[in-house]
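One structure is given here, and the rest of the page talks about it.
Lettering of chains follows the sequences in order, A, B, ..., and the numbering in each one begins at 1. Only this structure's heavy atoms are used, side chains among them; waters, hydrogens and symmetry mates stay out.
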Amino acid sequence: MRLSQAFLPVLKESPSDAQIVSHKLMLRAGLVRQTAAGIYAWLPLGYRVLKKIEGIVREEQDRAGAIELLMPTLQSAELWRESGRYDAYGPEMLRIRDRHEREMLYGPTNEEMITAIFRDETRSYRDLPRTLYHIQWKFRDEVRPRFGVMRGREFLMKDAYSFDLDEAGARQSYYTQLLAYLRTFQRMGIQAVPMKAASGPIGGDLSHEFIVLAPTGESEVFYDADYEGMDWSQSGLSYGDAEGLQALFDRIGQTYAATDETHDEARWAEVPGERQRQGRGIEVGHIFNFGTKYSDAMGFRVSGPDGAMVTPQMGSYGVGVSRLVGAIIEASHDDAGIIWPDAVAPWRVGVVTMRGDDPASAAAAEDLYAKLSGAGIETLYDDRDERGGAKLAGMDLMGLPRQVIIGPRGLAQGLVELKDRRSGEKQELSLESALARLAA
RNA sequence: CGGGGAGUGGCGCAGCCUGGUAGCGCAUCUGCUUUGGGAGCAGAGGGUCGCAGGUUCGAAUCCUGUCUCCCCGACCA
């Protein structure tokens with residue numbers, strides 16, 4: 001992308017509405033603009049990041065065997081009356097009437113709908129287990145939306161729903177999503193720790209929240225530093241491996257992690273002092289098993305192997321996709337701006353010339369931009385007629401992981417500067433080796 | 001929902017108390033000088049002061065109503 005052709009509005013000062021860093025940076029770097037309380041328009045930069053995150057979530061869901069579909073944002077009240085939640089849900093649900101005075105609602109979640117859809121097409125235990133998911137906008141009419149995209153009223157969420165014949169199967173589905181989540185967040189370059197949730201809807205041990213560490217988090221968290229070293233992608237675990245998944249679950253059960261709500265001082269004291277990690281955290285995912293709550297209420301039964309009717313076990317698994325954009329920024333920024341982890345960066349590389357009036361610099365930048373683009377490396381080339389410093393400040397604000405800085409001084413010796421956004425390290429290299437480095 | 005605060009060019013703010021027809025910084029545009037980490041000078045454009053009503057010769061300013069947004073608390077991906 002050439003910056004001169006882009007729509008990337010950047011602000012020097014943050015609007016006074018914004019209180020927390022991620023919100024300020026999202027406004028300043030031009031990721032979003034607020035259009036109403038808790039409702040945001042995603043500008044090109046923010047939308048690119050949102051899609052990156054969504055893509056990672058999708059890939060990991062697919063790998064875990066979940067099946068994607070897409071359900072609508074608008075739902076009929078009738079559906080929710082089946083489960084009894086239409087009256088139970090309260091004012092968080094946005095209720096709407098259409099022109100025929102039919103009661104509708106903007107979906108805050110999709111248990112009812114997925115249960116109805118799956119129920120209507122499924123008769124036999126042979127059709128189980130299945131985990132279905134979609135990535136769709138939700139609306140919850142929060143009493144007090146705040147923190148920008150982190151607690152918006154409209155938000156993008158991945159929600160998956162599992163259907164199993166029995167409890168043992170439901171556990172497997174749960175473990176599968178647990179592993180998928182660990183891998184998902186790891187790929188995004190953030191440390192998300194699974195913590196047993198205060199209380200699962202039906203009790204038991206099958207409910208976890210995934211918390212990203214960030215100083216502005218909403219809850220206090222405590223966890224064992226062992227989580228920091230775990231590599232979920234390279235663990236050799238496969239989704240079909242029941243024993244391995246059980247072992248994973250057991251290991252997580254044994255490795256301490258809790259929010260202030262579930263914190264257990266006695267167990268915490270058993271964690272060696274040097275491994276105790278304490279801080280604040282943002283919830284970016286939540287998985288839980290709810291047994292037959294919805295299948296029961298909505299009359300979903302299948303024929304079992306012995307001919308008897310069985311009510312399937314269900315679980316649901318949510319990832320706050322739009323919230324993650326804010327959460328990642330909270331966890332990864334500095335005074336100059338955002339620091340995107342590679343996997344979610346809107347562009348991997350930024351190219352800047354220090355002197356707009358130097359034809360050699362411009363030619364070198366054009367050449368590099370063409371080669372990077374040709375190599376499939378997403379590159380933002382600031383080809384505007386601006387001063388070097390202004391362009392560099394923009395690159396830092398937008399958080400591009402790597403920046404190539406080209407100027408007449410270096411070029412005279414055949415060198416360009418390669419800068420790492422996170423470490424701030426700068427290296428002088430030939431154009432060719434910079435290219436090779438970036439392509440690696 | 002309870003408590004607090006704010007709406008004035010794109011952004012950040014002043015003016016309001018003590019009515020006299022809108023100002024500053026940044027941004028934008030033009031010109032010149034500049035150029036290695038958000039340049040300087042000169043000039044220009046852009047606002048029915050959230051909206052509606054009222055008081056007044058005259059309202060950004062006073063009064064009433066209304067809408068919106070933000071913050072603190074109880075709840076949530």
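- At a threshold of 4.0 angstrom between heavy atoms, the contacts of A:Glu283 are confined to the sugar-phosphate backbone, with no base atom among them.
- Heavy atoms of A:Ala393 sit under 4.0 angstrom from at least one base atom.
- Base pairing of B:rG31: its partner is B:rC41, meeting the Watson-Crick or G-U wobble criterion (both donor-acceptor distances under 3.5 Å).
- Within the 4.0 angstrom heavy-atom criterion, no nucleotide atom of any strand lies near A:Ala18.
- Between the side chain of A:Arg151 and the base of B:rC75, a donor-acceptor pair under 3.5 Å is found.
- Taking the six-membered ring where tryptophan is involved, the planes of A:Trp137 and A:Trp42 are tilted, since the angle between them lies from 30° to 60°.
- A:Gly407 comes within 4.0 angstrom of a nucleotide base, judged by non-hydrogen atoms across all strands.
- For A:Phe222 and A:Tyr256, the distance between ring centers is not under 6.0 angstrom.
- A:Val284 comes within contact range of the sugar-phosphate backbone alone, with a heavy-atom separation under 4.0 Å but no base atom that close.
- For A:Ser16 and B:rC13, the shortest distance from a side-chain N or O to OP1 or OP2 is below 4.0 Å.
- Here, B:rA60 and B:rC16 have their C1' atoms 7 Å apart, quoted to the whole Å.
- Looking at which nucleotide of RNA chain B each of A:Glu428 and A:Leu156 is closest to, the 5′-most match is held by A:Glu428.
- Residue A:Arg144 has no polar side-chain atom (N or O) positioned under 4.0 Å from OP1 or OP2 of B:rA74.
- Contacts of A:Arg28 with the nucleic acid, taken as non-hydrogen atoms under 4.0 Å apart, include base atoms.
- Nucleotides B:rU21 and B:rU64, compared at atom C1', are 23 Å apart to the nearest Å.
- With hydrogens and angles left out, the side-chain atoms of A:Glu261 and A:Thr259 include no donor and acceptor closer than 3.5 Å.
- Between A:Lys12 and B:rA27 there is a side-chain N or O to OP1 or OP2 distance below 4.0 Å.
- Remark: A:Arg171 qualifies as a cation-pi partner of A:Phe249 under the 6.0 Å distance and 45° angle criteria applied to the six-membered ring.
- Within 4.0 Å of A:Thr109, counting heavy atoms only, lies no atom of the nucleic acid at all.
- Nucleic acid contact class of A:Gly394 (heavy atoms, under 4.0 Å, all strands): none.
- Across the C1' atoms, B:rG45 and B:rU28 are found 8 Å apart, a figure rounded to whole Å.
- For the C1' atoms, the distance from B:rG20 to B:rU61 is 11 Å, rounded to whole Å.
- Rounded to whole Å, the separation between the C1' atoms of B:rG9 and B:rA22 comes to 11 Å.
- Atom C1' of B:rC11 sits at a distance of 23 Å from the matching atom of B:rG37, rounded to the whole Å.
- Within the nucleic acid shown, A:Val143 comes within 4.0 Å of at least one base atom, counting heavy atoms only.
- Partner A:Ile67 forms a side chain to side chain contact (heavy atoms under 4.5 Å, CB included) with one of A:Leu132, A:Asp62, A:Thr131 and no other, that one being A:Leu132.
- Between A:Gln19 and the phosphate of B:rC72, there is no side-chain N or O to OP1/OP2 separation shorter than 4.0 Å.
- Residue contacts for A:Asp358: at a heavy-atom cut-off of 4.0 Å it reaches no nucleic acid atom on any strand shown.
- Between B:rG15 and B:rA6, the two C1' atoms lie 16 Å apart (nearest whole Å).
- Under 4.0 angstrom from either OP1 or OP2 of B:rU34 there lies no side-chain N or O belonging to A:Arg387.
- Each of A:Pro408 and A:Glu13 lies near RNA chain B, and the nucleotide nearest A:Glu13 is the one positioned closer to the 5' end.
- Judged by the 6.0 Å distance and 45° axis criteria, A:Arg119 is not positioned over the aromatic ring of A:Phe163.
- With both ends at atom P, the span from B:rU66 to B:rC1 equals 14 Å, rounded to whole Å.
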